Number of protein chains: 2
Amino acid sequence: MDAYEKLEKSRKRITESIAQNIHLYGLPPSAGRQFGMMFFEDHPLTLDDMSAELGMSKTSMSTSIRSLSEAKLVDRVWERGVRKDLYEVKDDWYQIFVDMFTVKWRRAVSLHTAAIRKSMAELKELKKADDITDELLAIIESDIEKLLYIREYYDWLDRLIDAFEDHKIFDLVPRLEEDA
Amino acid sequence: MDAYEKLEKSRKRITESIAQNIHLYGLPPSAGRQFGMMFFEDHPLTLDDMSAELGMSKTSMSTSIRSLSEAKLVDRVWERGVRKDLYEVKDDWYQIFVDMFTVKWRRAVSLHTAAIRKSMAELKELKKADDITDELLAIIESDIEKLLYIREYYDWLDRLIDAFEDHKIFDLVPRLEEDA
DNA sequence: CATTACGTACAGAAAAAACTGTACGTACAA
DNA sequence: TTGTACGTACAGTTTTTTCTGTACGTAATG
(Lines give C-alpha, C1' and ligand atoms only; values in the text may rest on other atoms or scores of the structure.)
Protein backbone atom coordinates (compact mmCIF):
# COMPACT_ATOMS: atom_id res chain seq x y z
CA MET A 1 0.00 0.00 0.00
CA ASP A 2 1.56 3.25 -1.06
CA ALA A 3 1.34 6.55 0.80
CA TYR A 4 -1.58 7.79 -1.22
CA GLU A 5 -3.61 4.68 -0.49
CA LYS A 6 -2.83 5.04 3.20
CA LEU A 7 -4.08 8.60 3.12
CA GLU A 8 -7.26 7.46 1.42
CA LYS A 9 -7.76 4.76 4.01
CA SER A 10 -7.43 7.27 6.80
CA ARG A 11 -9.96 9.56 5.16
CA LYS A 12 -12.30 6.71 4.40
CA ARG A 13 -12.48 5.72 8.06
CA ILE A 14 -13.58 9.20 9.06
CA THR A 15 -16.03 9.43 6.19
CA GLU A 16 -17.58 6.08 7.02
CA SER A 17 -17.86 7.10 10.64
CA ILE A 18 -19.76 10.18 9.57
CA ALA A 19 -21.91 8.09 7.22
CA GLN A 20 -22.84 5.74 10.04
CA ASN A 21 -23.92 8.57 12.30
CA ILE A 22 -25.52 11.03 9.94
CA HIS A 23 -28.90 9.47 10.72
CA LEU A 24 -28.76 11.68 13.80
CA TYR A 25 -29.26 14.49 11.34
CA GLY A 26 -32.10 12.65 9.67
CA LEU A 27 -30.04 11.85 6.59
CA PRO A 28 -29.13 8.57 4.90
CA PRO A 29 -25.56 7.23 5.02
CA SER A 30 -24.83 8.20 1.43
CA ALA A 31 -25.40 11.84 2.33
CA GLY A 32 -22.89 11.38 5.10
CA ARG A 33 -20.39 9.98 2.65
CA GLN A 34 -20.99 12.95 0.42
CA PHE A 35 -20.43 15.32 3.32
CA GLY A 36 -17.30 13.50 4.45
CA MET A 37 -15.80 13.51 1.01
CA MET A 38 -16.52 17.22 0.61
CA PHE A 39 -15.00 17.87 4.02
CA PHE A 40 -11.62 16.63 2.83
CA GLU A 41 -11.77 18.57 -0.41
CA ASP A 42 -10.52 22.08 0.02
CA HIS A 43 -12.63 23.62 -2.70
CA PRO A 44 -16.29 23.78 -3.72
CA LEU A 45 -17.56 20.88 -5.81
CA THR A 46 -20.10 20.56 -8.59
CA LEU A 47 -22.71 17.82 -8.78
CA ASP A 48 -20.61 16.20 -11.51
CA ASP A 49 -17.55 16.24 -9.27
CA MET A 50 -19.45 14.50 -6.51
CA SER A 51 -20.98 12.04 -8.92
CA ALA A 52 -17.54 11.09 -10.22
CA GLU A 53 -15.97 10.97 -6.77
CA LEU A 54 -18.65 8.81 -5.18
CA GLY A 55 -19.59 6.78 -8.25
CA MET A 56 -23.25 7.65 -7.89
CA SER A 57 -25.76 9.17 -10.24
CA LYS A 58 -26.01 12.90 -10.62
CA THR A 59 -29.68 12.66 -9.71
CA SER A 60 -28.75 11.20 -6.34
CA MET A 61 -26.20 13.91 -5.79
CA SER A 62 -28.82 16.50 -6.55
CA THR A 63 -31.37 15.16 -4.11
CA SER A 64 -28.97 14.48 -1.30
CA ILE A 65 -27.21 17.80 -1.63
CA ARG A 66 -30.61 19.36 -1.18
CA SER A 67 -31.10 17.41 2.04
CA LEU A 68 -27.67 18.44 3.22
CA SER A 69 -28.48 21.99 2.33
CA GLU A 70 -31.82 21.99 4.14
CA ALA A 71 -30.14 20.56 7.21
CA LYS A 72 -27.61 23.36 6.76
CA LEU A 73 -24.55 21.17 6.49
CA VAL A 74 -23.47 22.60 3.17
CA ASP A 75 -23.63 25.95 1.44
CA ARG A 76 -24.06 26.80 -2.17
CA VAL A 77 -21.34 29.15 -3.29
CA TRP A 78 -20.76 31.20 -6.40
CA GLU A 79 -17.64 31.51 -8.43
CA ARG A 80 -17.09 33.90 -11.32
CA GLY A 81 -17.28 32.19 -14.65
CA VAL A 82 -18.57 28.87 -13.34
CA ARG A 83 -22.00 27.99 -14.63
CA LYS A 84 -22.49 24.87 -12.54
CA ASP A 85 -23.80 24.99 -9.01
CA LEU A 86 -20.99 24.80 -6.49
CA TYR A 87 -21.28 23.46 -2.98
CA GLU A 88 -18.97 23.35 -0.02
CA VAL A 89 -19.33 22.03 3.50
CA LYS A 90 -19.75 24.52 6.28
CA ASP A 91 -16.57 24.77 8.25
CA ASP A 92 -18.07 25.51 11.65
CA TRP A 93 -19.20 22.18 13.06
CA TYR A 94 -20.51 23.78 16.22
CA GLN A 95 -22.81 25.94 14.12
CA ILE A 96 -23.75 22.89 12.03
CA PHE A 97 -24.87 21.15 15.19
CA VAL A 98 -26.81 24.17 16.36
CA ASP A 99 -28.50 24.61 12.98
CA MET A 100 -29.45 20.96 12.71
CA PHE A 101 -30.78 20.95 16.24
CA THR A 102 -32.74 24.11 15.64
CA VAL A 103 -34.22 23.13 12.30
CA LYS A 104 -35.23 19.64 13.35
CA TRP A 105 -36.68 20.37 16.75
CA ARG A 106 -38.31 23.67 15.89
CA ARG A 107 -40.39 21.89 13.30
CA ALA A 108 -41.35 19.16 15.74
CA VAL A 109 -42.34 21.66 18.42
CA SER A 110 -44.40 23.59 15.92
CA LEU A 111 -46.32 20.53 14.71
CA HIS A 112 -46.91 19.21 18.19
CA THR A 113 -48.02 22.55 19.53
CA ALA A 114 -50.59 22.90 16.78
CA ALA A 115 -51.96 19.43 17.50
CA ILE A 116 -52.17 20.14 21.21
CA ARG A 117 -53.98 23.41 20.63
CA LYS A 118 -56.61 21.73 18.48
CA SER A 119 -57.18 18.80 20.77
CA MET A 120 -57.25 21.03 23.80
CA ALA A 121 -59.97 23.16 22.24
CA GLU A 122 -61.97 20.06 21.35
CA LEU A 123 -61.73 18.66 24.86
CA LYS A 124 -62.80 21.90 26.46
CA GLU A 125 -65.75 22.04 24.10
CA LEU A 126 -66.59 18.43 24.84
CA LYS A 127 -66.62 19.11 28.55
CA LYS A 128 -69.52 21.52 28.08
CA ALA A 129 -71.73 19.00 26.28
CA ASP A 130 -74.70 17.91 28.35
CA ASP A 131 -74.70 14.22 27.47
CA ILE A 132 -71.46 13.62 29.31
CA THR A 133 -71.35 11.06 32.07
CA ASP A 134 -69.28 11.67 35.17
CA GLU A 135 -67.01 8.87 34.17
CA LEU A 136 -66.32 10.38 30.77
CA LEU A 137 -65.88 13.80 32.29
CA ALA A 138 -63.14 12.42 34.53
CA ILE A 139 -61.34 11.03 31.49
CA ILE A 140 -61.63 14.33 29.68
CA GLU A 141 -60.21 16.20 32.66
CA SER A 142 -57.41 13.70 32.82
CA ASP A 143 -56.60 14.16 29.13
CA ILE A 144 -56.61 17.91 29.55
CA GLU A 145 -54.13 17.55 32.39
CA LYS A 146 -51.89 15.49 30.16
CA LEU A 147 -52.07 18.01 27.36
CA LEU A 148 -51.23 20.80 29.79
CA TYR A 149 -48.19 18.84 30.86
CA ILE A 150 -46.87 18.21 27.39
CA ARG A 151 -47.63 21.77 26.34
CA GLU A 152 -45.43 22.89 29.22
CA TYR A 153 -42.77 20.48 28.06
CA TYR A 154 -42.87 21.83 24.52
CA ASP A 155 -42.55 25.30 25.89
CA TRP A 156 -39.37 24.20 27.61
CA LEU A 157 -38.14 22.59 24.41
CA ASP A 158 -38.82 25.81 22.56
CA ARG A 159 -36.75 27.73 25.05
CA LEU A 160 -34.03 25.09 24.79
CA ILE A 161 -33.94 25.62 21.04
CA ASP A 162 -33.70 29.36 21.64
CA ALA A 163 -30.70 28.75 23.88
CA PHE A 164 -28.97 26.93 21.06
CA GLU A 165 -30.01 29.38 18.41
CA ASP A 166 -28.80 32.44 20.25
CA HIS A 167 -25.64 30.62 21.40
CA LYS A 168 -26.39 30.85 25.10
CA ILE A 169 -25.52 27.16 25.15
CA PHE A 170 -21.89 28.19 24.69
CA ASP A 171 -22.02 30.01 28.00
CA LEU A 172 -22.94 26.76 29.69
CA VAL A 173 -20.62 24.62 27.57
CA PRO A 174 -17.78 26.74 26.21
CA ARG A 175 -16.40 25.94 22.78
CA LEU A 176 -12.78 26.08 23.72
CA GLU A 177 -11.33 24.26 26.65
CA GLU A 178 -8.60 26.75 27.48
CA ASP A 179 -5.86 24.77 29.14
CA ALA A 180 -3.32 26.42 31.37
CA MET B 1 -70.12 11.51 16.40
CA ASP B 2 -70.67 10.75 20.07
CA ALA B 3 -68.62 12.02 22.96
CA TYR B 4 -66.47 8.94 23.12
CA GLU B 5 -65.56 9.20 19.45
CA LYS B 6 -64.68 12.85 19.92
CA LEU B 7 -62.36 11.92 22.77
CA GLU B 8 -60.73 9.28 20.60
CA LYS B 9 -60.27 11.78 17.81
CA SER B 10 -58.58 14.21 20.15
CA ARG B 11 -56.23 11.52 21.41
CA LYS B 12 -55.56 10.25 17.93
CA ARG B 13 -54.34 13.66 16.80
CA ILE B 14 -51.77 13.79 19.58
CA THR B 15 -50.71 10.22 19.01
CA GLU B 16 -50.26 10.77 15.28
CA SER B 17 -48.27 13.89 15.99
CA ILE B 18 -45.96 11.85 18.16
CA ALA B 19 -45.79 9.12 15.53
CA GLN B 20 -44.74 11.64 12.88
CA ASN B 21 -41.94 13.01 15.03
CA ILE B 22 -40.63 9.96 16.80
CA HIS B 23 -38.00 9.59 14.06
CA LEU B 24 -36.15 12.24 16.05
CA TYR B 25 -35.67 9.47 18.57
CA GLY B 26 -34.57 7.08 15.85
CA LEU B 27 -37.79 5.09 16.02
CA PRO B 28 -40.40 4.23 13.38
CA PRO B 29 -43.87 5.83 13.45
CA SER B 30 -45.53 2.69 14.79
CA ALA B 31 -43.38 2.89 17.92
CA GLY B 32 -44.61 6.46 18.30
CA ARG B 33 -48.19 5.27 18.02
CA GLN B 34 -47.48 2.68 20.66
CA PHE B 35 -45.99 5.28 22.96
CA GLY B 36 -48.85 7.71 22.38
CA MET B 37 -51.47 5.07 23.09
CA MET B 38 -49.69 4.05 26.27
CA PHE B 39 -49.43 7.69 27.30
CA PHE B 40 -53.20 7.99 27.46
CA GLU B 41 -53.65 4.75 29.34
CA ASP B 42 -53.29 5.22 33.05
CA HIS B 43 -52.00 1.76 33.81
CA PRO B 44 -49.24 -0.57 32.64
CA LEU B 45 -49.98 -2.65 29.55
CA THR B 46 -49.05 -6.13 28.42
CA LEU B 47 -47.89 -6.99 24.93
CA ASP B 48 -51.30 -8.51 24.31
CA ASP B 49 -53.02 -5.32 25.38
CA MET B 50 -50.94 -3.31 22.96
CA SER B 51 -51.47 -5.82 20.21
CA ALA B 52 -55.23 -5.62 20.65
CA GLU B 53 -55.26 -1.84 21.00
CA LEU B 54 -53.15 -1.14 17.93
CA GLY B 55 -54.26 -4.08 15.81
CA MET B 56 -50.73 -5.21 15.24
CA SER B 57 -48.97 -8.50 15.81
CA LYS B 58 -47.57 -9.36 19.20
CA THR B 59 -44.19 -9.88 17.58
CA SER B 60 -44.17 -6.28 16.44
CA MET B 61 -45.14 -5.11 19.89
CA SER B 62 -42.29 -7.10 21.34
CA THR B 63 -39.66 -5.65 19.03
CA SER B 64 -40.85 -2.07 19.18
CA ILE B 65 -41.27 -2.10 22.95
CA ARG B 66 -37.65 -3.13 23.08
CA SER B 67 -36.67 -0.14 20.96
CA LEU B 68 -38.76 2.14 23.15
CA SER B 69 -37.13 0.60 26.17
CA GLU B 70 -33.60 1.05 24.85
CA ALA B 71 -34.36 4.65 24.01
CA LYS B 72 -35.67 4.88 27.58
CA LEU B 73 -39.15 6.02 26.70
CA VAL B 74 -40.85 3.21 28.58
CA ASP B 75 -40.18 1.18 31.70
CA ARG B 76 -40.93 -2.38 32.49
CA VAL B 77 -42.86 -2.66 35.73
CA TRP B 78 -43.83 -5.52 37.99
CA GLU B 79 -47.16 -6.24 39.48
CA ARG B 80 -47.91 -8.94 42.01
CA GLY B 81 -49.64 -11.94 40.51
CA VAL B 82 -49.24 -10.83 36.89
CA ARG B 83 -47.17 -13.21 34.82
CA LYS B 84 -47.03 -11.11 31.69
CA ASP B 85 -44.49 -8.39 31.19
CA LEU B 86 -45.95 -4.99 31.94
CA TYR B 87 -44.81 -1.72 30.46
CA GLU B 88 -45.66 1.88 31.07
CA VAL B 89 -44.44 5.13 29.57
CA LYS B 90 -42.10 7.26 31.61
CA ASP B 91 -43.94 10.23 32.95
CA ASP B 92 -41.08 12.71 32.93
CA TRP B 93 -40.77 13.95 29.36
CA TYR B 94 -37.86 16.21 30.24
CA GLN B 95 -35.92 13.19 31.44
CA ILE B 96 -37.01 11.25 28.34
CA PHE B 97 -35.50 13.96 26.20
CA VAL B 98 -32.30 14.00 28.22
CA ASP B 99 -31.97 10.22 28.10
CA MET B 100 -32.56 10.04 24.37
CA PHE B 101 -30.10 12.83 23.76
CA THR B 102 -27.52 11.23 25.99
CA VAL B 103 -27.86 7.71 24.65
CA LYS B 104 -27.83 8.68 20.99
CA TRP B 105 -25.07 11.23 21.01
CA ARG B 106 -22.79 9.49 23.46
CA ARG B 107 -22.61 6.54 21.13
CA ALA B 108 -21.90 8.77 18.15
CA VAL B 109 -19.14 10.62 19.99
CA SER B 110 -17.60 7.36 21.07
CA LEU B 111 -17.53 5.89 17.58
CA HIS B 112 -16.23 9.06 15.99
CA THR B 113 -13.56 9.53 18.57
CA ALA B 114 -12.25 6.02 18.01
CA ALA B 115 -12.11 6.59 14.26
CA ILE B 116 -10.29 9.87 14.70
CA ARG B 117 -7.74 8.33 17.04
CA LYS B 118 -6.93 5.58 14.55
CA SER B 119 -6.69 7.84 11.54
CA MET B 120 -4.67 10.38 13.46
CA ALA B 121 -2.14 7.72 14.43
CA GLU B 122 -1.93 6.53 10.83
CA LEU B 123 -1.36 10.02 9.50
CA LYS B 124 1.36 10.77 12.02
CA GLU B 125 3.05 7.52 11.09
CA LEU B 126 2.69 8.30 7.42
CA LYS B 127 4.35 11.66 7.90
CA LYS B 128 7.54 9.93 8.98
CA ALA B 129 7.82 7.75 5.89
CA ASP B 130 10.71 8.72 3.65
CA ASP B 131 8.99 8.31 0.29
CA ILE B 132 6.67 11.25 0.91
CA THR B 133 6.67 14.13 -1.51
CA ASP B 134 6.29 17.69 -0.25
CA GLU B 135 2.93 17.85 -1.94
CA LEU B 136 1.66 14.78 -0.13
CA LEU B 137 3.13 15.98 3.13
CA ALA B 138 1.12 19.18 2.83
CA ILE B 139 -2.06 17.15 2.36
CA ILE B 140 -1.26 15.01 5.36
CA GLU B 141 -0.65 18.06 7.50
CA SER B 142 -3.92 19.49 6.29
CA ASP B 143 -5.80 16.30 7.16
CA ILE B 144 -4.25 16.26 10.60
CA GLU B 145 -5.42 19.81 11.12
CA LYS B 146 -8.92 18.77 10.18
CA LEU B 147 -8.88 15.84 12.54
CA LEU B 148 -7.64 18.08 15.33
CA TYR B 149 -10.55 20.38 14.67
CA ILE B 150 -13.21 17.70 14.74
CA ARG B 151 -11.65 16.06 17.76
CA GLU B 152 -12.01 19.38 19.53
CA TYR B 153 -15.61 19.55 18.36
CA TYR B 154 -16.36 16.07 19.71
CA ASP B 155 -14.84 17.07 22.99
CA TRP B 156 -17.31 19.93 23.12
CA LEU B 157 -20.15 17.58 22.23
CA ASP B 158 -19.08 15.26 25.00
CA ARG B 159 -19.21 18.10 27.49
CA LEU B 160 -22.58 19.13 26.09
CA ILE B 161 -23.88 15.63 26.73
CA ASP B 162 -22.51 15.85 30.27
CA ALA B 163 -24.46 19.07 30.75
CA PHE B 164 -27.66 17.27 29.80
CA GLU B 165 -26.88 14.17 31.78
CA ASP B 166 -26.14 15.97 35.02
CA HIS B 167 -29.06 18.37 34.48
CA LYS B 168 -26.94 21.51 34.27
CA ILE B 169 -28.99 22.27 31.18
CA PHE B 170 -31.90 23.04 33.50
CA ASP B 171 -29.88 25.87 35.03
CA LEU B 172 -29.63 27.47 31.62
CA VAL B 173 -33.17 26.58 30.56
CA PRO B 174 -35.36 26.12 33.65
CA ARG B 175 -38.12 23.55 33.56
CA LEU B 176 -40.79 25.73 35.01
CA GLU B 177 -41.52 29.18 33.78
CA GLU B 178 -42.55 30.66 37.07
CA ASP B 179 -44.88 33.50 36.27
CA ALA B 180 -45.57 36.25 38.74
C1' DC C 1 -43.57 -34.57 36.18
C1' DA C 2 -46.54 -32.77 32.44
C1' DT C 3 -48.93 -28.70 30.96
C1' DT C 4 -49.64 -24.19 29.81
C1' DA C 5 -48.57 -19.39 29.01
C1' DC C 6 -45.34 -16.27 27.64
C1' DG C 7 -41.71 -13.66 24.95
C1' DT C 8 -38.88 -13.68 21.08
C1' DA C 9 -35.73 -15.74 17.13
C1' DC C 10 -36.25 -16.48 12.61
C1' DA C 11 -37.81 -16.57 7.77
C1' DG C 12 -40.67 -14.73 4.57
C1' DA C 13 -44.05 -10.94 3.00
C1' DA C 14 -45.25 -6.21 2.70
C1' DA C 15 -44.07 -1.48 2.83
C1' DA C 16 -40.91 2.28 2.61
C1' DA C 17 -36.78 4.44 1.24
C1' DA C 18 -32.92 5.14 -1.69
C1' DC C 19 -31.07 5.11 -6.16
C1' DT C 20 -31.02 5.35 -11.35
C1' DG C 21 -32.07 6.80 -16.15
C1' DT C 22 -34.93 9.39 -18.99
C1' DA C 23 -37.04 13.45 -20.11
C1' DC C 24 -38.09 18.10 -19.56
C1' DG C 25 -37.80 23.16 -18.20
C1' DT C 26 -34.73 26.92 -17.76
C1' DA C 27 -31.00 29.88 -18.63
C1' DC C 28 -26.97 31.18 -20.75
C1' DA C 29 -24.21 31.29 -25.28
C1' DA C 30 -23.57 31.89 -29.91
C1' DT D 1 -33.24 32.65 -32.61
C1' DT D 2 -31.12 28.19 -32.10
C1' DG D 3 -28.16 25.37 -29.59
C1' DT D 4 -26.15 23.65 -25.46
C1' DA D 5 -25.42 22.78 -20.62
C1' DC D 6 -27.42 22.32 -16.43
C1' DG D 7 -30.49 20.81 -12.47
C1' DT D 8 -34.32 18.21 -11.19
C1' DA D 9 -39.23 15.93 -11.67
C1' DC D 10 -40.81 11.63 -12.36
C1' DA D 11 -41.33 6.64 -13.02
C1' DG D 12 -39.37 2.40 -12.39
C1' DT D 13 -35.92 -0.62 -9.94
C1' DT D 14 -33.21 -2.01 -6.18
C1' DT D 15 -32.28 -2.08 -1.43
C1' DT D 16 -33.59 -1.61 3.25
C1' DT D 17 -36.79 -1.57 6.84
C1' DT D 18 -40.90 -2.96 9.01
C1' DC D 19 -44.32 -6.28 9.92
C1' DT D 20 -46.33 -10.97 10.34
C1' DG D 21 -46.84 -16.02 11.46
C1' DT D 22 -44.64 -20.04 12.93
C1' DA D 23 -41.85 -22.33 15.97
C1' DC D 24 -39.13 -22.79 19.89
C1' DG D 25 -36.94 -22.01 24.66
C1' DT D 26 -38.06 -20.82 29.28
C1' DA D 27 -40.45 -20.45 33.43
C1' DA D 28 -44.37 -20.74 36.21
C1' DT D 29 -48.46 -23.90 37.54
C1' DG D 30 -50.82 -27.89 38.85
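We name chains A, B, ... by the order of the sequence lines, and we start the count at 1 in each one. These numbers come from a predicted model, not from an experiment.
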Rounded to whole Å, the CZ-P distance (R83(A) to dA5(D)) equals 8 Å
Item to complete: Describe the nucleic acid contact of S30(A) in one word from base, sugar-phosphate, nothing, applying a heavy-atom distance below 4.0 Å.
Response: sugar-phosphate
ask   = If we only count heavy atoms from C-beta on, is the F39(A) to I150(B) side-chain gap below 4.5 Å?
value = yes
| request: Starting from the C-alpha separation in whole Å, work towards a yes-or-no answer on salt bridge (charged side-chain N to carboxylate O under 4.0 Å, His left out) for E125(B) and K6(A). | output: CA-CA 10 Å; E125(B) 194 59 36; K6(A) 285 181 183 170; over 6 Å; no
Would the F97(A) and W156(B) ring centres measure less than 6.0 Å apart? yes
Rounded to whole Å, the CG-C1' distance (L47(A) to dT20(C)) equals 15 Å
From NE2 of H23(A) across to P of dA18(C) the rounded distance in Å is 13 Å
Practice problem: In sequence, state the C-alpha distance, the side-chain angles, and the governing distance for H167(B) and Q95(B), and then conclude on side-chain hydrogen bond (donor to acceptor under 3.5 Å, both in side chains). | Solution: CA-CA 9 Å; H167(B) 286 199; Q95(B) 189 59 43; 2.8 Å; yes
Considering only heavy side-chain atoms of P28(A), the closest of dA18(C), dC6(C), dG7(D) is dA18(C)
Taken to the nearest whole Å, NZ/K84(A) to P/dC6(D) is 4 Å
Notebook entry, point to check: Does the dG21(D) base have a donor-acceptor partner in the side chain of T59(B) within less than 3.5 Å?
Noted result: yes
Here the distance between atom P of dT8(D) and atom CD1 of I65(A), to the nearest Å, is 10 Å
In whole angstroms, the gap separating P of dC6(C) from CZ of R76(B) amounts to 13 Å
Of the listed dT29(D), dG7(D), dT20(D), the closest approach to the S60(B) side chain comes from dT20(D)
Check against side-chain hydrogen bond (donor to acceptor under 3.5 Å, both in side chains), Q34(B) and S64(B)
CA-CA 8 Å; Q34(B) 199 173 4; S64(B) 55; 2.5 Å; yes
Here the distance between atom C1' of dA5(C) and atom CG of D49(B), to the nearest Å, is 15 Å
Of dA29(C), dT18(D), dG21(C), the nucleotide closest to the side chain of S57(A) is dG21(C)
From CG of D85(A) across to P of dA5(D) the rounded distance in Å is 16 Å
Out of dC19(D), dT20(C), dA9(C), minimum distance to the side chain of M56(A) belongs to dT20(C)
- Message: Between S62(B) and dT8(C), is there a contact of a side-chain N or O with OP1 or OP2 at under 4.0 Å?
- Response: yes
Note: for K58(A) and R66(B) on DNA chain C, the residue whose nearest nucleotide lies more 5' is R66(B)
